[in-house]
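What you see is a predicted model; the values in this text were computed from it and never measured.
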Amino acid sequence: MTVLKDYQFELDGYAFGLDLPIFTQGDGFDTGDDTVIDQDQVNPITGANMMGRDVIGAGEWTWTLATRAEEPEEALTEVSKLASVWRNRGEGFDTGDIKALRYAVGGRTRRIYGRPRRFTSKPGDSLVYGLLAPLASFKRADALHYDDVEQVVTMTMKPAEIGGAVLPATFPLTFERDPDYVPASAMLVGGDARTWPVISFTGPVTDPSVTIGDVTIALVGTIGEGGKVTIDTRPWVRSVTRSGNTSGASLARETRMTRAAFRPGAYSAVYRGVDTSGNSRCQIRWRDAWTTF
């Protein structure tokens, strides 16, 4: 991935912004407004506002851009590179397609999710240094910002190298573990807002589940050797995808992806299932979430 400097942005490998061939000046970047979607009602008798549920709606980022190219052909070539990325290389977008837009502010790199929308460019007679002015916008999927670095915890069911001995004892010592022992893995969720995990089970395993705090994500059935089921709980995805031998596994009825978000804090994660080989895996991935830059 591109290493970004402050007020630089990157979409699908193309970087633009401060000190880059396509750049924006101080007032050329607008984050828009994150609107509050409410269920408020006015009491017709007292006139009081009866507050309902509030949801933060995602806004749209907009850039007024310019090119550093000094020749018209250079300017058009550079703008066409950005246009190609913004228009998904002419392919458009299918339902559910989401892109990550990376940015750097204050020495740290984060990302937002959504989809590129507006892109206009009117060359006319202005093909001179700094005056070719494309306009681009990016519609956000949600109102949060996410760490660029993804956190990963991977768990297996291989026997833990733990045990104990009662002395005096006869040597050589033999260490055994309780057959019902399930090791817990630690998760530390940072940020200042709740975030949504992506959980993968890789076989061979039957009835795999992972419990994180008071949330359990579970499958019913068998995942074969090398098969993989991924549960993506992020609000703009909410999907279950499969690869390999997974036809025998389905999402457990008690699993609720809408309740799978974790607030910042420390959690223990416990992976369970039936796995006689010890080769199955459960992987939890997430990005710490923030309410602002």
> Which class fits the ring pair Phe16 and Trp86: parallel under 30°, tilted 30 to 60°, perpendicular over 60°?
Replying inline: perpendicular
> Between Thr255 and Leu251, is there a donor-acceptor pair closer than 3.5 Å when you use the side chain of the first and the backbone of the second?
Replying inline: no
Would you confirm whether the ring centroid of [Y] sits within less than 6.0 angstrom of the ring centroid of [X]?
X      : Y      : answer
Phe138 : Phe9   : no
Trp61  : Phe293 : yes
Tyr113 : Tyr146 : yes

Is [X] salt-bridged to [Y], going by a charged N under 4.0 Å from an acidic O?
X      : Y      : result
Glu150 : Arg285 : yes
Asp19  : Lys5   : no
Asp148 : Arg108 : no

>> Could you walk me through whether Val205 and Thr222 satisfy the side chain to side chain contact (heavy atoms under 4.5 Å, CB included) test, starting with their C-alpha distance in whole Å, then the side-chain angles of each, then the deciding distance to 0.1 Å, before giving a yes or no?
In response: CA-CA 6 Å; Val205 63; Thr222 299; over 6 Å; no
> About how many Å separate CZ of Arg115 and CG of Asn88, when rounded to the nearest 0.5 Å?
Replying inline: 9.0 Å
> Roughly how far, to the nearest 0.5 Å, is the CG atom of Leu11 from the NZ atom of Lys99?
Replying inline: 7.0 Å
> Among Ser239, Ser200, Ser243, which residue meets the side-chain contact (heavy atoms from CB on, under 4.5 Å) test with Thr230?
Replying inline: Ser200
> Are Met187 and Ile231 grouped together when hydrophobic residues (ILVMFWY) are joined by side-chain heavy atoms under 4.5 angstrom apart?
Replying inline: yes
>> Show, in sequence, the C-alpha distance, side-chain angles and deciding distance for Tyr14 and Leu82, and conclude whether the side chain to side chain contact (heavy atoms under 4.5 Å, CB included) test is met.
In response: CA-CA 7 Å; Tyr14 186 89; Leu82 179 60; 3.7 Å; yes
>> For a 4.5 angstrom cut-off between non-hydrogen side-chain atoms, does Met155 reach Ile284?
In response: yes
>> Let's go through Leu4 and Glu10 carefully: what are the C-alpha distance in whole Å and the side-chain angles of both, what is the deciding distance for side chain to side chain contact (heavy atoms under 4.5 Å, CB included) to 0.1 Å, and is it a yes or a no?
In response: CA-CA 8 Å; Leu4 300 177; Glu10 185 264 328; 4.0 Å; yes
> So which heavy atom on Ala260 is nearest to which on Trp196, and how close?
Replying inline: N-CZ3, 3.9 Å
